[in-house]
Amino acid sequence: MNWENKSFSELTNDELYHILKLRVDVFVVEQNCPYPEIDGYDQESRHLYLINEGQILAYCRIIPPNVKFEEASIGRVITHDSTRRTGIGTELINRALEYISQTYSDSNVKIEAQAHLQQFYGNCGFQTISDEFLEDGIPHVEMIFLGKQQKSRIYKCFCLK
């Protein structure tokens with residue numbers, strides 16, 4: 001198993017295909033939610049994923065500050081159904097936070113999380129900053145990770161995996 005962190009232009013056709021397939025399989029088909037999966041942010045994002053024998057097991061994209069939000073953002077967080085509840089999702093978030101910390105120094109990190117995942121993200125140092133709202137028919141909340149102020153939480157979250 002290998003962790004990869006690539007820009008859009010560094011992805012091979014096969015890697016991009018497998019990433020988009022997993023995203024559609026889970027976010028559109030499994031969650032029965034037709035929505036525009038291709039949203040224009042992929043080209044400006046980093047793509048962090050765990051791959052094993054050609055299969056993507058975990059994935060997220062890291063959106064730089066001032067692209068989607070003023071803050072850096074982590075989105076399209078996903079784990080393959082065979083790896084859920086194994087700690088890989090926590091490791092994925094921690095690797096994304098570490099990349100943001102190293103690349104964008106003290107940037108906060110803003111996410112739009114499915115509401116039922118608030119505890120998961122809370123364990124990784126995120127704080128809810130909005131009321132619930134519907135995004136494509138699914139309850140979401142905005143959450144924030146306060147960069148340098150929360151840096152010690154990164155290491156706590158690593159220990160939870």
Side-chain angles (χ1 to χ4, degrees), residues 1-28 30-31 35-114 117-118 120-126 135 140 142-148 150-161:
M1 291 194 287
N2 295 319
W3 284 98
E4 301 285 345
N5 184 337
K6 296 183 175 184
S7 69
F8 185 80
S9 63
E10 292 171 323
L11 293 170
T12 67
N13 290 338
D14 284 343
E15 288 167 329
L16 180 59
Y17 172 83
H18 289 294
I19 287 167
L20 293 175
K21 182 176 183 340
L22 179 61
R23 286 173 25 181
V24 169
D25 285 350
V26 173
F27 295 132
V28 178
E30 183 180 315
Q31 295 182 358
Y35 77 105
E37 172 54 34
I38 308 300
D39 61 3
Y41 293 115
D42 287 316
Q43 295 92 326
E44 296 185 61
S45 299
R46 297 294 299 187
H47 301 270
L48 175 63
Y49 58 96
L50 178 64
I51 189 165
N52 186 42
E53 298 179 6
Q55 184 174 33
I56 306 290
L57 300 178
Y59 168 85
C60 72
R61 68 179 179 190
I62 301 166
I63 303 173
N66 301 309
V67 173
K68 183 174 182 177
F69 303 117
E70 179 180 326
E71 305 85 355
S73 183
I74 302 170
R76 299 297 198 262
V77 177
I78 191 168
T79 55
H80 189 274
D81 63 356
S82 68
T83 62
R84 292 182 188 150
R85 293 175 180 52
T86 66
I88 287 183
T90 300
E91 184 173 355
L92 174 68
I93 293 299
N94 281 301
R95 287 176 179 269
L97 289 171
E98 188 64 28
Y99 175 82
I100 291 168
S101 175
Q102 291 173 359
T103 307
Y104 306 116
S105 61
D106 294 333
S107 177
N108 294 333
V109 182
K110 185 175 183 180
I111 62 173
E112 293 178 336
Q114 291 185 8
L117 294 172
Q118 287 179 83
F120 168 76
Y121 289 111
N123 288 339
C124 291
F126 285 88
E135 176 90 16
H140 280 70
E142 290 183 343
M143 300 183 80
I144 195 97
F145 182 89
L146 297 174
K148 191 174 186 179
Q150 292 285 74
K151 192 163 182 134
S152 65
R153 291 294 300 251
I154 293 174
Y155 303 107
K156 180 179 179 186
C157 192
F158 265 119
C159 296
L160 295 174
K161 64 179 180 162

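Excluded from the calculations below are hydrogen atoms, water molecules and symmetry mates; all remaining heavy atoms, backbone and side chain alike, are included.
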Derivation of the side-chain contact (heavy atoms from CB on, under 4.5 Å) call for Leu22 and His80:
CA-CA 7 Å; Leu22 179 61; His80 189 274; 4.1 Å; yes
Please find the pair of heavy atoms, one from Leu57 and one from Ser82, that lie closest to each other, and give the distance.
CD2-OG, 4.3 Å
For residues Cys124 and Thr90, determine if any side-chain heavy atom of one lies less than 4.5 Å from a side-chain heavy atom of the other.
yes
Give the intermediate values and the outcome of side-chain contact (heavy atoms from CB on, under 4.5 Å) for residues Asp42 and Arg61.
CA-CA 8 Å; Asp42 287 316; Arg61 68 179 179 190; 3.0 Å; yes
Let me see the working for Gln55 and His18 under side chain to side chain donor-acceptor pair (under 3.5 Å), right down to the final yes or no.
CA-CA 7 Å; Gln55 184 174 33; His18 289 294; over 6 Å; no
Separation between CG (Asn94) and OG (Ser101), nearest 0.5 Å, reads 11.5 Å
Ignoring hydrogens, what is the shortest heavy-atom contact between Val26 and Ile78? Give both atom names and the distance.
CB-CD1, 3.3 Å
Between Glu15 and Thr12 (side chain of the first, backbone of the second, donor and acceptor by atom type, cut-off under 3.5 Å), is there such a pair?
yes
Using the side chain to side chain contact (heavy atoms under 4.5 Å, CB included) definition, which of the options Ile63, Leu97, Ile62, Leu146 pairs with Val109?
Leu97
If you count every heavy atom of other residues, nucleotides or ligands that lies below 6.0 Å from Tyr35 atom OH, does the total exceed 12?
yes
From Met143 atom CE to Ser73 atom OG, the distance as rounded to the nearest 0.5 Å:
12.5 Å
Between Asp39 and Lys68, is there a side-chain N and carboxylate O pair less than 4.0 Å apart?
no
Taking atom types as modelled, is there a side-chain donor on Arg23 or Tyr59 under 3.5 Å from an acceptor on the other?
yes
Separation of Glu53 CD from Asn2 CG (nearest 0.5 Å):
11.0 Å
Between Tyr104 and Ala72, the two heavy atoms sitting closest are CD1-CB, 4.3 Å
Distance from Ile56 atom CD1 to Leu50 atom CG, nearest 0.5 Å?
8.0 Å
Do Arg46 side-chain atoms and Asn5 backbone N/O form a donor-acceptor pair below 3.5 Å?
yes
I'd like to know if the side chain of Gln114 pairs up with that of Glu135 as donor and acceptor (distance under 3.5 Å, no hydrogens or angles considered).
no
With a 4.5 Å cut-off on side-chain heavy atoms, are Phe145 and Asn108 touching?
no
Can you give me the closest heavy-atom contact between Trp3 and Leu92, atom names plus distance?
CZ3-CD1, 3.6 Å
By ring pair (Phe, Tyr, Trp, His ring centres under 6.0 Å), Tyr121 pairs with (sequence neighbours left out) Phe126
Decide if atom CD of Glu10 counts as having more than 12 heavy atoms of other residues, nucleotides or ligands within a radius under 6.0 Å.
yes
Step by step, work out the salt bridge (Lys or Arg N to Asp or Glu O under 4.0 Å) result for Glu37 and Arg76.
CA-CA 9 Å; Glu37 172 54 34; Arg76 299 297 198 262; 3.2 Å; yes
Might you point out which heavy atoms bring Glu44 and Pro64 nearest each other, and give the distance in Å?
O-CD, 3.2 Å
Mind checking what makes salt bridge (Lys or Arg N to Asp or Glu O under 4.0 Å) contact with Glu4, not counting sequence neighbours?
none
Okay, side chain of Thr83, backbone of Thr79: is any donor-acceptor separation there less than 3.5 Å?
no
Kindly compute the distance separating NE2 (His47) from CG (Leu11), expressed to the nearest 0.5 Å.
5.5 Å
As an exercise, state the distance from CD1 of Ile100 to CD of Glu71, rounded to the nearest 0.5 Å.
11.0 Å
